[in-house]
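Structure first, commentary second.
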Amino acid sequence: MSVVRTIFLQCQPASISPISSPSSSSSKCVSVKFSVSCCSVASPVTVVNGNIDRKPYERNEVRLGLPSKGRMATDTIDLLKDCQLSVKQVNPRQYVAEIPQLSNLEVWFQRPKDIARKLVSGDLDLGIVGLDTVNEYGQGDEDLILVHEALDYGDCRLSLAIPKYGIFENVNSLKELSQMPQWTPERPLRVATGFTYLGPKFMKENGLSHVTFSTADGALEAAPAMGIADAIVDLVSSGTTLRENNLKEIEGGVILESQAVLVASRRSLTQRKGVLDITHEMLERFEAHLRAVGQFTVVANMRGSSAEEVAERVLSQPSLSGLQGPTIGGSGVLVSPLTYIFDEETPRWRQLLSNLGL
Ligand SMILES: Nc1ncnc2c1ncn2[C@@H]1O[C@H](COP(=O)(O)OP(=O)(O)OP(=O)(O)O)[C@@H](O)[C@H]1O
Ligand SMILES: O=P(O)(O)OC[C@H]1O[C@H](OP(=O)(O)OP(=O)(O)O)[C@H](O)[C@@H]1O
Ligand SMILES: [Mg+2]
């Protein structure tokens with residue numbers, strides 16, 4: 001009986017599929033690889049918008065905008081670090097940095113809303129922010145292209161919420177809210193929101209006509225209890241803030257599902273030297289890294305009469321997806337998390353090129 005070395009990839013979700021057939025060599029080593037696709041693939045989205053004054057900028061460096069503060073800041077740096085892209089900042093109060101692995105790239109730390117604005121104005125070429133920010137401050141500008149629409153952090157939704165109490169006690173859907181007799185031209189539904197573009201757009205698209213909006217920079221959940229508004233449009237993640245303020249979401253009231261995205265300026269991608277190459281490099285790393293999240297390499301020595309027999313046994317056991325691989329007779333088991341799984345092609349890259357007409 002010969003000892004056969006088996007290598008396979010293990011992942012959390014139950015589905016597991018071979019990405020390469022077992023192969024044997026003269027020394028009776030067998031290599032079996034499994035993979036599960038962890039992220040959904042969607043086309044780069046073009047967001048549409050109005051007229052903005054564009055500056056014809058003369059510069060040679062490619063500029064990437066990253067969140068300077070707030071909850072997106074650390075997670076963004078962490079994602080880049082996980083992709084072996086180290087952001088070198090001289091000190092935390094300096095807003096410019098570099099990523100040595102990406103030459104000719106300047107990183108600029110900015111507030112998320114300013115990243116969206118500066119992409120539109122041409123002052124940045126690439127940015128990482130929440131989709132809510134892209135849509136709110138990009139206002140559907142055709143120049144903005146979502147290069148990666150699911151970076152897997154910053155998950156939240158933009159949602160309409162109303163009080164649980166009073167006249168809203170039995171109101172549980174957008175339809176019921178819109179049909180309430182209370183809303184008239186003289187006494188419209190008062191909505192407080194920081195999303196002064198997406199909020200009114202949503203109400204209009206859903207046929208709510210007697211609506212007025214007020215805005216504030218934060219703590220919007222206080223507005224109904226303060227008597228300033230009847231409803232709010234704000235981001236919800238765990239739902240705790242709504243609950244603690246006696247508010248509820250309603251059916252049909254989700255305006256947008258959001259997470260961190262990589263967004264680019266179409267003009268930059270097509271006209272500025274180096275932007276397309278840097279985008280390709282970042283995209284390949286992001287896709288390969290996100291595909292590898294939750295997957296592990298397991299290396300074990302296994303007994304079998306031949307490499308083929310071991311490979312056959314490994315491949316035939318769906319239970320391997322439950323981390324039971326070594327129980328089929330392995331020893332010297334090594335388990336390590338995977339950093340990247342590179343596919344032959346980067347699906348979003350192909351989609352981006354076709355979106356750009358290249
Ligand atoms: N509760 C949340 N959970 C997860 N992600 C969130 C949450 N709230 C916001 N986000 C995401 O993080 C982004 C940045 O939010 P954050 O509150 O850190 O900054 P900001 O709202 O731009 O600034 P500030 O709140 O200081 O005015 C949002 O645009 C959104 O994409
Ligand atoms: O559903 P939850 O997990 O409770 O999160 C939702 C809250 O998080 C955000 O506020 P943030 O913390 O950014 O404070 P802000 O209102 O000052 O922006 C958002 O504006 C909500 O208020
Ligand atoms: Mg906030």
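Because only heavy atoms are used, hydrogens play no part in the values below, and waters and symmetry mates are left out as well, while side chains stay in. Remember, predicted model here, so these are calculated numbers, not experimental data.
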Any heavy-atom pair between the side chains of [Y] and [X] that's under 4.5 Å?
| X | Y | value |
| --- | --- | --- |
| Pro100 | Lys88 | yes |
| Thr133 | Ile115 | no |
| Leu356 | Ile145 | yes |
| Val87 | Leu66 | yes |
| Val147 | Val263 | no |
| Ile128 | Val261 | no |
| Glu251 | Glu176 | no |
| Thr76 | Pro67 | yes |

Report the distance from atom [atom1] of [X] to atom [atom2] of [Y], rounding to the nearest 0.5 Å.
| X | Y | atom1 | atom2 | answer |
| --- | --- | --- | --- | --- |
| Glu186 | Thr184 | CD | OG1 | 4.5 Å |
| Met180 | His210 | CE | NE2 | 13.5 Å |
| Glu98 | Leu64 | CD | CG | 13.0 Å |
| Asp123 | Ser268 | CG | OG | 10.0 Å |
| Leu85 | Leu80 | CG | CG | 5.5 Å |
| Cys83 | His289 | SG | NE2 | 5.0 Å |

Do the side chain of [X] and the main chain of [Y] share a donor and acceptor less than 3.5 angstrom apart?
| X | Y | answer |
| --- | --- | --- |
| Asn206 | Phe202 | yes |
| Lys248 | Val171 | yes |
| Thr193 | Thr196 | no |
| Glu136 | Tyr197 | yes |
| Arg291 | Phe286 | no |
| Ser258 | Leu131 | yes |
| Arg190 | Ala231 | no |
| Thr346 | Glu284 | no |
| Gln89 | Gln94 | yes |
| Glu281 | Asp277 | no |

Do [X] and [Y] land in one hydrophobic cluster if side-chain heavy atoms of ILVMFWY residues count as linked below 4.5 Å?
| X | Y | result |
| --- | --- | --- |
| Leu160 | Leu247 | no |
| Leu189 | Ile167 | yes |
| Met203 | Leu220 | no |
| Leu353 | Leu269 | yes |
| Leu358 | Leu283 | yes |

Between [Y] and [X], does any NZ, NE, NH1 or NH2 come within less than 4.0 Å of an OD or OE carboxylate oxygen?
| X | Y | result |
| --- | --- | --- |
| Asp230 | Arg187 | yes |
| Glu149 | Arg348 | yes |
| Asp143 | Arg266 | no |

Distance-only side-chain donor-acceptor flag, [X] / [Y], under 3.5 Å:
| X | Y | result |
| --- | --- | --- |
| Arg272 | Asn60 | no |
| Glu106 | Trp108 | yes |
| Ser265 | Asp125 | no |
| Glu287 | Tyr340 | no |
| Thr240 | Glu244 | no |

Closest heavy-atom contact between [X] and [Y]?
| X | Y | value |
| --- | --- | --- |
| Pro224 | Ile232 | CD-CG2, 3.8 Å |
| Val62 | Leu126 | CG1-CD1, 4.3 Å |
| Thr279 | Val275 | OG1-O, 2.6 Å |
| Ser159 | Val254 | OG-CG2, 3.8 Å |
| Leu262 | Leu151 | N-CD1, 3.7 Å |
| Val191 | Ala229 | C-CB, 4.3 Å |

For this session: Please assess Lys69 against Phe109 for the test side chain to side chain contact (heavy atoms under 4.5 Å, CB included), listing each intermediate value before the final yes or no.
Result: CA-CA 8 Å; Lys69 57 197 270 193; Phe109 288 101; over 6 Å; no
For this session: Return the set of residues passing salt bridge (charged side-chain N to carboxylate O under 4.0 Å, His left out) with Glu205 (not counting sequence neighbours), or none when no residue passes.
Result: Lys201
For this session: Please identify each residue that fulfils salt bridge (charged side-chain N to carboxylate O under 4.0 Å, His left out) with Glu249, with sequence neighbours left out.
Result: Arg157
For this session: Go through the steps to decide whether Met282 and Leu102 satisfy the test side chain to side chain contact (heavy atoms under 4.5 Å, CB included), and finish with yes or no.
Result: CA-CA 9 Å; Met282 290 179 72; Leu102 300 173; 3.8 Å; yes
Problem set entry | CA sep, side-chain torsions, deciding dist, call: Val129, Leu119, side chain to side chain contact (heavy atoms under 4.5 Å, CB included) | CA-CA 11 Å; Val129 283; Leu119 281 163; 5.7 Å; no
Exercise. So Asp234 and Phe195, side chain to side chain contact (heavy atoms under 4.5 Å, CB included) or not? Walk me through it.
Worked result: CA-CA 7 Å; Asp234 196 13; Phe195 290 79; 4.1 Å; yes
For this session: Using side chain to side chain donor-acceptor pair (under 3.5 Å) as the criterion, list what pairs up with Trp183, not counting sequence neighbours.
Result: none
Exercise. Taking everything shown except Asn91 itself, do over 12 heavy atoms lie less than 6.0 Å from its CG?
Worked result: yes
Exercise. Counting only heavy atoms not in Gln84, do more than 12 fall under 6.0 Å of its CD?
Worked result: yes
Problem set entry | salt bridge (Lys or Arg N to Asp or Glu O under 4.0 Å) evaluation trace for Asp114 with Arg111 | CA-CA 5 Å; Asp114 290 327; Arg111 293 290 286 268; over 6 Å; no
